[in-house]
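To find a chain, count down the sequence lines: A is the first, B the second, and so on, and within it residues start at 1.
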Amino acid sequence: MKAIQAGDPDALSQLYDRYNGILKALILRVIHNEAEADDLLQEIFMEIWNQAKNFSAQKGKPLGWMVTLARRRAIDGLRKKQAYARAEERLQNEIEQQPDAWVHNATEEEIVLSDTRSLIRKVIKGLPPPQQQAIDLAFFRGMSQREIAAKTNTPLGTVKTRLELGLKKIYDGLKELRDEL
Amino acid sequence: MNFNEFQNRARLYVIGALEPEELEEFENARTKFGKKGEEFITKCYALHEAFALSLRPAKASSAIKERLMAMVKAKQQA
């Protein structure tokens, strides 16, 4: 990140090679459209380049900063294009075809960060499905507690409890990994 | 709000899931807990990384990187 802050394009190229797959997966999870995800990925890396001076290592690691930025842009993009209904339909199809959609099988290419990834998946998979669903809707869809309550026909207080419990379990599960993330 | 409640709210805060009325209360508690609170919020952002890492990486079109690097170089030359 220091090299990017200094304006070195090769550093951006390396950062792209290392993290484009993770960021694209996140964007795809939000907007469910391959071409739009590619366009947004390019915009996000351009923003990373332009905003690199705002990154502070004291506030976290580069991946966290990039994921926060990518998620915000993806959710903004989803809202701007008023694609909720379309994405909803696609998401529903995806869920029907792949019930365990959030938890994927690792591939051989996933060497980098694979231990971290498998442990995170294990933690998430260990959550009760209603907690997984609430977190999924909040994080990947940008929904508020009230929106989740309405979508799932669940009392607001229950949604809040599911989110709090689920996030705490994941957070606690990450404690040992924090230095690696 | 005690620190335990603050921690619960902080985890919701970092994923943008606090309701407006909770947000105001949380910001007040954030001021109250100061540095300790800020450090905890920073740690909570690891949740973002975790959720991203829980997904199988997706391959981007090869043209994307070429376009990106061309834009960066053009900007540098401008």
Side-chain angles (χ1 to χ4, degrees), chain A residues 7 9 12-13 16-17 20-29 37-39 41-42 45-46 49 59-61 63-64 67-68 70-71 75 102-107 109-110 113 116-117 120-121 123-124 135 138-140 142-146 148 160 163-164 167-168 170-171 174 177-178 181, chain B residues 1-26 30 35 37-78:
Chain A
L12 182 70
S13 173
Y16 181 92
D17 289 343
N20 80 82
I22 294 171
L23 296 186
K24 179 159 178 198
L26 172 67
I27 299 163
L28 261 179
R29 182 72 182 167
D38 274 345
D39 288 344
L41 183 72
Q42 181 191 319
F45 270 96
M46 200 64 210
W49 175 255
K59 292 183 179 175
K61 298 195 173 182
L63 178 59
V67 167
T68 301
R71 174 185 176 251
I75 289 173
W102 193 356
V103 185
H104 301 281
N105 294 322
T107 63
E109 296 80 29
E110 296 177 28
L113 298 170
T116 307
R117 180 169 288 124
I120 288 167
R121 285 177 181 155
V123 171
I124 291 172
I135 293 170
F139 187 77
F140 291 111
M143 285 187 175
S144 69
Q145 293 175 49
R146 283 195 172 85
I148 296 169
K160 184 182 177 64
L163 284 171
E164 286 185 352
L167 289 171
K168 185 173 188 315
I170 296 171
Y171 180 88
L174 291 174
L177 278 172
R178 190 154 291 133
L181 287 172
Chain B
M1 187 186 299
N2 61 33
F3 196 64
N4 188 44
E5 289 166 333
F6 175 80
Q7 288 177 311
N8 282 334
R9 296 281 176 96
R11 285 185 279 262
L12 291 172
Y13 170 78
V14 298
I15 66 164
L18 282 182
E19 293 293 320
E21 64 274 16
E22 293 175 322
L23 193 58
E24 191 179 342
E25 202 180 358
F26 176 75
R30 188 175 182 170
K35 190 182 174 190
E38 293 305 314
E39 284 173 355
F40 186 78
I41 291 169
T42 299
K43 285 179 186 172
C44 287
Y45 276 102
L47 287 166
H48 281 212
E49 297 164 44
F51 293 138
L53 287 172
S54 72
L55 303 171
R56 182 173 54 196
K59 190 167 173 59
S61 146
S62 57
I64 299 300
K65 186 177 176 186
E66 288 171 26
R67 288 207 314 246
L68 171 71
M69 297 316 295
M71 285 169 69
V72 166
K73 282 172 185 164
K75 190 171 179 184
Q76 280 192 319
Q77 287 166 359

ask   = Any sub-3.5 Å donor-acceptor pair from R71(A)'s side-chain atoms to I15(B)'s backbone N or O?
value = yes

request  = Report the distance from atom CG of L167(A) to atom CZ of F51(B), rounding to the nearest 0.5 Å.
outcome  = 5.5 Å

message = So which residue, M69(B), Q76(B), K65(B), ends up with the most heavy-atom pairs under 4.5 Å with chain A?
response = K65(B)

query = Which pair of heavy atoms, one from A25(A) and one from P57(B), lies closest together, and at what distance?
reply = CB-CA, 4.1 Å

Region of M71(B) that comes under 4.5 Å of a non-hydrogen atom in chain A = both

request  = Could you check which of A52(B), G16(B), A63(B) has the highest count of heavy-atom pairs closer than 4.5 Å to chain A?
outcome  = A52(B)

ask   = Measuring heavy-atom distances to chain B, does F45(A) have an atom under 4.5 Å in its side chain, in its backbone, in both, or in neither?
value = both

ask   = Which distance, rounded to the nearest 0.5 Å, do you find between the OG of S54(B) and the CZ of F140(A)?
value = 4.5 Å

remark   = Here the gap from D38(A) atom CG to I64(B) atom CD1, rounded to the nearest 0.5 Å, amounts to 4.0 Å

query = Once the angle between the rings of Y171(A) and F40(B) is folded into 0 to 90°, is it parallel (under 30°), tilted (30 to 60°) or perpendicular (over 60°)?
reply = tilted

query = Where the side chain of Q7(B) meets the backbone of K168(A), is there a donor-acceptor pair that is under 3.5 Å apart?
reply = no

remark   = Between the CD atom in Q145(A) and the CG atom in L18(B), the distance rounded to the nearest 0.5 Å is 7.0 Å

task = Measure distances from K59(B) to the heavy atoms of chain A and classify the residue's part below 4.5 Å as side chain, backbone, both or neither.
result = backbone

ask   = What residue, out of D17(A), L23(A), L41(A), has the most heavy-atom pairs lying under 4.5 Å from chain B?
value = D17(A)

query = With the threshold set at 4.0 Å, does a side-chain nitrogen-carboxylate oxygen contact exist between E5(B) and K160(A)?
reply = no

ask   = Any idea which heavy atoms bring L174(A) and A50(B) closest together, and the distance?
value = CD1-CB, 3.6 Å

inquiry  = Test side-chain contact (heavy atoms from CB on, under 4.5 Å) on D39(A) and R67(B); report intermediate values, then the result.
reply    = CA-CA 10 Å; D39(A) 288 344; R67(B) 288 207 314 246; 3.3 Å; yes

message = Using every non-hydrogen atom in the two residues, find where A60(B) and Y16(A) come nearest and quote the distance to one decimal.
response = CB-OH, 3.5 Å

request  = Side chain from CB out, backbone as N, CA, C, O: work out which of these in E22(B) comes under 4.5 Å of a heavy atom of chain A, or both, or neither.
outcome  = side chain

message = Ignoring hydrogens, what is the shortest heavy-atom contact between E49(B) and V67(A)? Give both atom names and the distance.
response = N-CG1, 4.3 Å

query = Within a radius of less than 6.0 Å around CD of E24(B), do more than 12 heavy atoms belonging to other residues, nucleotides or ligands occur?
reply = no

Interatomic spacing from CD1 in I124(A) to CG in L55(B) - rounded to 0.5 Å = 8.0 Å

